[in-house]
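Structure, as structure tokens:
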Amino acid sequence: MNIVVVGHVDHGKSTVIGRLLADTNSLPEGKLEQVKATCAKNAKPFEYAFLLDALKDEQSQGITIDSARCFFKTKKRDYIIIDAPGHIEFLKNMVTGAAHAEAAFLVIDAKEGIRENSKRHGYLVSLLGIDQVVVLVNKLDLVDYDKGVFDKIKEEYTAFLRELKVEPISFVPVSAFYGDNIAERSKNTPWYKGGTVLDELDALKKQAIAENLPFRFPVQDIYKFTQENDDRRIVAGTVESGSIKRGDKVTFLPSYKESTVKSVEAFNVPEKETAAAGEAIGFTLSTQVYIRPGELMVKSRDLMPKVSSRFKANIFWVGRDPLVKDKKYKLKLAAMRTTVKLVDIINVLDASELSTVSNKEQVDRHDVAECVFEAARPIAFDLVSDVETMGRIVIVDNYEIAGGGIILESLTSEDSILKKHIEEREYLWEKGAVSADERETKFGHKSKFIVFTGCEEGTEQKVREIAKAAEEYLFKNKYKVYYLGLSSFLRGIDSDGKDREEHIRRLGELARIFTDSGQIFITTVYGLYDYEVEKLKLLNKPNEILVINVGDSNFHKFKVNARLSKDDSTGAAIKKVLSLLKKEEIIIEYYL
Amino acid sequence: MNQIEQLEAHSVHILREAYREFKNLAMLWSIGKDSTVLLWLARKAFLGHVPLPLVHIDTHYKIPEMIDYRDNLAKELKLNLVYGENPEALNNKQTFPDGNVDRLTCCKLLKSEALKHTLSGEWPRYRYDHKKDKYVVDENKEPYTGVIVGVRADEEGSRSKERYFSPRDKANDWDVGDQPPEFWNQYKTDFAPGTHVRIHPLLDWTELNIWEYIYKENIPVTSLYLDRGEGTRYRSLGCYPCTDPVESTAKNIEEIIEELRSGKFVNVAERSGRAQDKDDSGGLETLRRDGYM
């Protein structure tokens, strides 16, 4: 079981752990003597914290810089105790330590009382989803083991936690340096009837395994080790919640592709029929579906997660640079990664006072804020109140994890960043001297953006062939037409493009210009998804788009304009394309 | 799931994450029990396969049985095994056993320096060619950007502060005071050009957990860990001039587990047989800041 010890700087977190290790005989032989000897040699008073603050910097400064793990064992079970730093500068280390814990011990100095980070840490602990909190009122020797001081802190801090909807398990009066109520009951606090720190530790409840929740399996990777004579196509990942068995129907999100679990795969175990929360496992599927890492596999009959690109989240920011609008960040949620932008800051919370500021334009380092984000594409997630682990996000800024948070609400993407951009673009679009109607009359046809797509392995060449044949036919018949090859695009206008989202955006903007010039603009995009084609459609506005698919497609709801078989000859395929163009009144009649 | 199953699942998750995110990924294999468990966990993660190179830093002072064991296992599992070394220090006899440098400098030259330049591809890498049944100079000189290492947090102070994904800068340095945050199961998988990331799937395992897992999975380990009749065995493997066996009569894995659980080693640090640790008053920190594992 993982436990984190948090609290304000110098309130004695490392001392509590050091004493706990010493009093329960958990230290390596000779370690205590060794540290005592080093202290004597350097004429420094011995402190239990030195046992933990192993790094040289920490011993010289007397503070904990990074979270350290201590392995510790009672009669009941094994623990990893994480010593988190209390200094504000090391907040990211504190959060890192706490994010792996099932329970928190929050240390408050009896003499100093509740301080800024006592509150901030309390808040972060609740945000991180730790619901078992034990408060240790430390250094009671400095206030002569006064019950009044203890009671006052207890009352004040209980009221604070109540605002966060956290109900502490207990308050324990301790003096870690002298070992009062750490492993043994202290004679100095006869008025205290509760358990020692050790008792409270063993009384903590193991986190319930999330087996009763809906099944959630973020696809981490897809393995095929064909070279080693292994033909299995394995969907790999860790089950976040729920359970599944062979034969269950599954849906992948956000692509909405469906299949059935054919087998549960693992190495060096007896054949498996089922898999449940916590297992790092693999599956094979009964049909070949084209999915990419980052999709979420769910049971088709379970409660569905949300699928949206807009959401409201509570985030804590530890980045060097502030979180600002109009900047691209990387979003990670379980196995999913995409680009995200901050749309709105609802309020920024002063975690130590629980007061909110609502007019901030950016989220600064160590701020906690409620924000609206928009991902570059729809993502599948759960609200943190439904399936906790599937509502947790991190935000990466310039290679570094800069923020983390929990999703509170799924929002509709009615007014997306893209729609706003297009409204502005169209408003400011500078028209030439020639109107669209004039061009149409002169050229004898409407302008059009025609996209050829498909998602089956090995169809790429075919898709390009058909697209080029369409260009050739139209050109020979006096149409203004242009085919843009993928590699010309990638090497040219998109050569500094970072990702597929940017690729799609640039293509859409380019289409807007081509179609504005009255031409028929043809290109191919492999494996288009619903949201991508919607983007192209929007970007090409006010002109029209036609989508022609070859073989299987990635589309879920989007209705393509024409569907070609991958087995069609190019001649047969082009016939279907031309009949579509005729239907769409782009061409009047066609002859092959 | 019991504790060992949870540790296994978490390590597998980390290995898969590393495999997904790092194009040039390698795993350090010291031949000891920890990195052998790591190798086994890779087979768990990749369903029986080990689709990445294993890199061994050969100081040429390893206990000879270790090298035999390495080569045999590589053949048996058809591993992509690569080793590197510090040819200059070895040729010029700049080593502790030769009496020319102290222990820490020897470690730095034969391990840290060899590791740094083997990872970057500047010094020759030797790959085991299964068809020719011998080591050949590896054509691949690309730097490894992700390096999986089997360190455990319970080994010593500086390792207890490690991240699961721990960045090293261009000079291979570890900035202990400013480590990246790791929230829940999200790690640092983005890195600037020229830097690399050390990946530590075994961080939460204890020495006891390692042996319990070896027992549960029946993983083959070298017999150096067992008492072969002389009343001693190795608890931790390294170079023979600096690694002492411990007095123990544990003749099989069960007896090792018993020793650690309630027997003579219950509170004795594993690396107590490693002389270089004692020479560095900051634990291994000085060495580790310089790129030691």
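Note that the coordinates shown come from a computational prediction; the quantities given were computed from them, not determined experimentally. Proteins get letters first, then strands, A, B, ... in listed order; numbering begins at 1 in each.
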Exercise for review: Sort B/Leu15 into side chain, backbone, both or neither according to what part of it lies under 4.5 angstrom from a heavy atom of chain A.
Suggested key: neither
Point to revise | Residues, nucleotides or ligands: over 12 heavy atoms within 6.0 Å of A/Lys272 NZ | key: yes
Revision key, fill the gap. What one should report as the nearest heavy-atom pair of B/His49 and A/Phe225 is CD2-CD1, 3.1 Å
**Study point:** Check: B/Tyr164 ring centroid to A/His100 ring centroid under 6.0 Å
**Key:** yes
Point to revise | Contacting region of A/Phe316 [heavy-atom separation from chain B under 4.5 Å] | key: side chain
Check your understanding: At a heavy-atom separation under 4.5 Å, does B/Phe191 approach chain A through its side chain, its backbone, both, or neither?
Key -> backbone
Check your understanding: Do you know the tightest heavy-atom contact between A/Ala280 and B/Val12?
Key -> CB-CG1, 3.6 Å
Practice item. Counting only heavy atoms closer than 4.5 Å, note whether B/Thr189 contacts chain A via side chain, backbone, both or neither. Key: both
Check your understanding: Counting distance only, does the side-chain N/O of A/Lys332 pair as donor-acceptor with the main-chain N or O of B/Tyr187 below 3.5 Å?
Key -> yes
Check your understanding: Do you know which two heavy atoms are closest between B/Thr206 and A/Phe71, and how far apart they sit?
Key -> CG2-CD2, 3.1 Å
**Study point:** Nearest atoms (heavy-atom pairs only) where B/Leu47 meets A/Asp230
**Key:** O-OD2, 4.5 Å
Check your understanding: chain B: which of A/Val318, A/Thr238, A/Asp78, A/Asn268 shares the most heavy-atom pairs with it under 4.5 Å?
Key -> A/Asn268
Check your understanding: Of all heavy-atom pairs between A/Tyr223 and B/Ala45, which one has the smallest distance, and what is that distance?
Key -> CE1-O, 3.7 Å
Practice item. Report the distance from atom CD of A/Gln220 to atom NE2 of B/His13, rounding to the nearest 0.5 Å. Key: 4.5 Å
Exercise for review: Tell me yes or no: between the side chains of B/Gln179 and A/Asn93, is some donor less than 3.5 Å from an acceptor?
Suggested key: no
Review point. Most heavy-atom pairs under 4.5 angstrom with chain A, which of B/Ser11, B/Ala9, B/Ala192?
Key: B/Ala192
**Study point:** B/Asp204 portion near chain A, given a 4.5 angstrom heavy-atom threshold
**Key:** both
Practice item. Check whether any side-chain heavy atom of A/Ile401 lies under 4.5 Å from a side-chain heavy atom of B/Pro181, and answer yes or no. Key: yes
Exercise for review: Look at B/Leu203, B/Asn185, B/Asn218 and state which one has the largest set of heavy-atom pairs under 4.5 Å with chain A.
Suggested key: B/Leu203
Review point. Any salt bridge between A/Arg337 and B/Glu17, counting N to O under 4.0 Å?
Key: yes
Point to revise | Heavy-atom pair of closest approach, residues A/Glu400 and B/Pro180 | key: OE1-CB, 4.0 Å
Check your understanding: Given that the side chain runs from C-beta out, which part of B/Phe46 has a heavy atom under 4.5 Å from chain A: side chain, backbone, both or neither?
Key -> both
Point to revise | Carboxylate-amine/guanidinium contact B/Glu182 A/Lys92, below 4.0 Å | key: no
Review point. Which bit of A/Ala402 is near chain B, if near means a heavy-atom gap under 4.5 Å: side chain, backbone, both or neither?
Key: neither
Exercise for review: Apply side-chain contact (heavy atoms from CB on, under 4.5 Å) to the pair A/Thr389 and B/Trp184, showing each step before the final yes or no.
Suggested key: CA-CA 9 Å; A/Thr389 57; B/Trp184 304 302; over 6 Å; no
Check your understanding: So which part of A/Ile281 gets closer than 4.5 Å to some heavy atom of chain B, the side chain, the backbone, both or neither?
Key -> backbone
Check your understanding: Of the backbone (N, CA, C, O) and the side chain (C-beta and beyond), which part of B/Glu217 lies under 4.5 Å from a heavy atom of chain A, both, or neither?
Key -> both
Review point. Based on non-hydrogen pairs under 4.5 Å, which of A/Arg392, A/Arg77, A/Lys73 is most in contact with chain B?
Key: A/Arg392
Practice item. State, with a plain yes or no, whether a side-chain heavy atom of A/Tyr399 is found less than 4.5 Å away from one of B/Lys188. Key: yes
Review point. Going through the distances and angles, do B/Lys44 and A/Val269 end up as a side-chain contact (heavy atoms from CB on, under 4.5 Å)?
Key: CA-CA 10 Å; B/Lys44 289 270 177 184; A/Val269 294; 3.9 Å; yes
Check your understanding: With distance as the sole test, does B/Arg16 use its side chain to make a donor-acceptor pair with the main-chain N or O of A/Ala236 at under 3.5 Å?
Key -> no
